[in-house]
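Here the structure is a predicted model, which is why all the values come from computation and not from measurement. Whatever order the structure lists ligands and atoms in, that order sets their numbers, starting from 1.
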Amino acid sequence: MSRRSTSPVSVCLILLVLTAAPPARLHAQDAKAVVAEAIRAMGMSSLSSISYQGTAAVGNFGQSRGITFGLASSAIRDYVRTIDFTKPAMHATGQQYPMVPRGAKASPNALPIPYDEAVSPATPTWASQLEIWTTPWGFLKGALAAADTKLTTQKLDGVPYRVISWSPMLKAPSGRPYRLNGFLNQQGVLDKVETWVDHPVFGDMHVEAFFTQYADAEGGVKVPVKISRRLGGMETFVESLMRAQINPADVADLLQAPPPPVPPAPRPLSSEKLADGVYRLTGDYVSLLVEFKDYVVVLEAGESEARGLAVLAEAKRLFPTKKVKYVVNTHPHFDHVAGLVAFIPEGITVITDDNNKFFVEAAFSEPRTLLDDGLARKKKTPKVEGVIDDFVLKDATRELRLHHVDDLEHSEGMLIAYLPAERILFTADFDPPLKGQAVDASIPILLKTLDRLKIDFDRHVTVHPLTPDHLMTRDELLALGRAAEKPAQE
Ligand SMILES: [Zn+2]
Ligand SMILES: [Zn+2]
């Protein structure tokens, strides 16, 4: 983000605005006057739609090796983004190349897949709508139309900014308004826009868009050469703009997007007894319930609060006299931690890899004023135990071992679980390849880890089975290990 040093003259102007603060109603009019002035400075008085081309890069948010830094990223070529502010609607297309771990080089033979992202009145969540309103043009158009536009000042890294704030009509699941802040620099154009969005893991998640170095497009409309977005402080999307069309004649065609995929209906949870006091819960995500003398342990919370609540209800049905004391989280990818929201308000201790301990504690301690889930209604400090290498839960009736898996590209904080008496292995994300793809390098690492730990098993319970009821056998895992040594077959 570009910041210029502040001249003494402009500081005086800001001080003048501050000291001459008028009553609230006039203050609101001042805010609208500043917005109108910014719209003129941006040359966007007659802008109704924009289409820009360039390249982009998307970070693997919530699914990278390190969950909070050094995200793996993927390049998008032939990138086109079109926004019609009158609808409002947005459509972005391109050719997306496979994810590349941080510090690694992209393979020259990698083939792209189509990138397609669309926002329309049919996608009425703030997470999608904010894509339109956190652009410099969308922000100022929204500020001009909003009923509650305000003007304040704030310093960013010591540089004073005039800050315009407004709320969209759309309300958060908690009923609260969302809020946007736009930071006007000394040239009267926006350096940054921020907002907050409800997120199942990060609570009220901070969203920031930074605009670098404005250039003139047709008709003198100001367009930044780079837009970078951050979610929860992590850079997750960067656009490098090379060309822009203002009010393109073919805007309707550019906005034509394939219908959004209809997510399959969630499969109801069902349970299957694997041994006395050991149940596999199937459905969309697999969990394992393990009974001890005085309590129950859940392996894997599920991908959502709803699934976590269903897992807890099933534990109560199967073991009505015992409480769930621990929930084991295999690794911190969002689809594996989101279900913890059901467990934390109940005071259930989360056991996770020590590399994830701080993340789980911090994420689920964030404010959740925009959400309407169990943790937002019943605030509770998460209790989290970190497993450094190995951890054993043991009493007179049962033994459950947890082990860290080292050197994995998939996650730096991965646990596997093993029930030695029942000879059951439980893992997440060591899955067979999709058709035509090579076996993932994680499979040989898992087999090496099992050898080192002298883990022998008959049944391998996986969190994402091939089909909902599939239970991987030892032979299937060994066959995957052998296939990993051969090149991929078509
Ligand atoms: Zn994962
Ligand atoms: Zn997974």
Side-chain angles (χ1 to χ4, degrees), residues 58-74 98-102 104 199-202 231-232 234 236 263-264 266-267 269 280-288 298-308 310-311 327-343 350-357 359-360 363 387 402-417 425-434 437-446 449 460-472 476-477 480:
V58 58
N60 203 2
F61 183 56
Q63 298 294 337
S64 283
R65 179 171 198 271
I67 196 70
T68 52
F69 62 92
L71 304 189
S73 80
S74 150
M99 287 286 167
V100 180
R102 189 180 171 89
H199 188 271
V201 177
F202 281 115
L231 299 178
M234 287 169 266
T236 52
R267 292 177 59 93
L269 180 149
R280 182 173 78 135
L281 308 189
T282 60
D284 290 327
Y285 258 64
V286 165
S287 298
L288 203 67
V298 174
L299 301 185
E300 208 71 334
E303 79 286 15
S304 64
E305 183 190 31
R307 172 74 188 189
V311 169
V327 57
V328 176
N329 163 249
T330 56
H331 68 299
H333 289 170
F334 289 173
D335 56 325
H336 293 259
V337 290
L340 293 176
V341 164
F343 292 78
V350 180
I351 303 179
T352 189
D353 194 286
D354 200 57
N355 288 342
N356 317 325
K357 184 175 188 282
F359 163 74
V360 173
V387 175
L402 302 173
H403 302 285
H404 166 78
V405 182
D406 222 353
D407 296 326
L408 268 189
E409 184 48 49
H410 188 78
S411 172
E412 64 179 6
M414 178 67 89
L415 291 182
I416 57 171
L425 173 69
F426 179 91
T427 72
D429 293 8
F430 295 95
D431 294 314
L434 297 174
Q437 289 185 0
V439 175
D440 193 84
S442 63
I443 299 282
I445 292 173
L446 174 62
T449 306
H460 179 197
V461 178
T462 56
V463 174
H464 312 289
L466 279 174
T467 58
D469 297 321
H470 182 78
L471 186 55
M472 196 191 275
E476 280 174 85
L477 184 65
L480 280 179

Apex the Zn ion (ligand 2) - arms NE2 from His464 and NE2 from His336 - angle rounded to 10°: 100°
Going by atom types alone, do Asp335 and Gln63 pair a side-chain donor with an acceptor below 3.5 Å?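 Gln63 and Asp335 do have a side-chain donor-acceptor pair below 3.5 Å.
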Metal proximity, Asp431 vs the Zn ion (ligand 2), N/O/S cut-off 2.8 Å: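 Given the 2.8 Å cut-off, Asp431 does not count as a ligand of the Zn ion (ligand 2).
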Nearest 10° is fine: what angle sits at the Zn ion (ligand 1) between OD2 from Asp429 and NE2 from His410?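 Taking the Zn ion (ligand 1) as the apex, the two atoms subtend 80°.
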Is the distance from the ring center of Phe426 to that of His460 below 6.0 Å? no
His464 and Asp431: side-chain donor and acceptor closer than 3.5 Å? no
Could you check which N/O/S atom of His331 is closest to the Zn ion (ligand 1)?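 Minimum-distance N/O/S atom of His331 relative to the Zn ion (ligand 1) is NE2.
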Identity of the N, O or S atom of His333 lying closest to the Zn ion (ligand 1): ND1
Chi angles and distances behind the ring pair (Phe, Tyr, Trp, His ring centres under 6.0 Å) call for Phe334, His199: CA-CA 10 Å; Phe334 289 173; His199 188 271; 5.1 Å; yes
Do His336 and Glu300 have side-chain atoms, one donor and one acceptor, less than 3.5 Å apart?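 There is such a pair (donor and acceptor under 3.5 Å, judged by atom type) between the side chains of His336 and Glu300.
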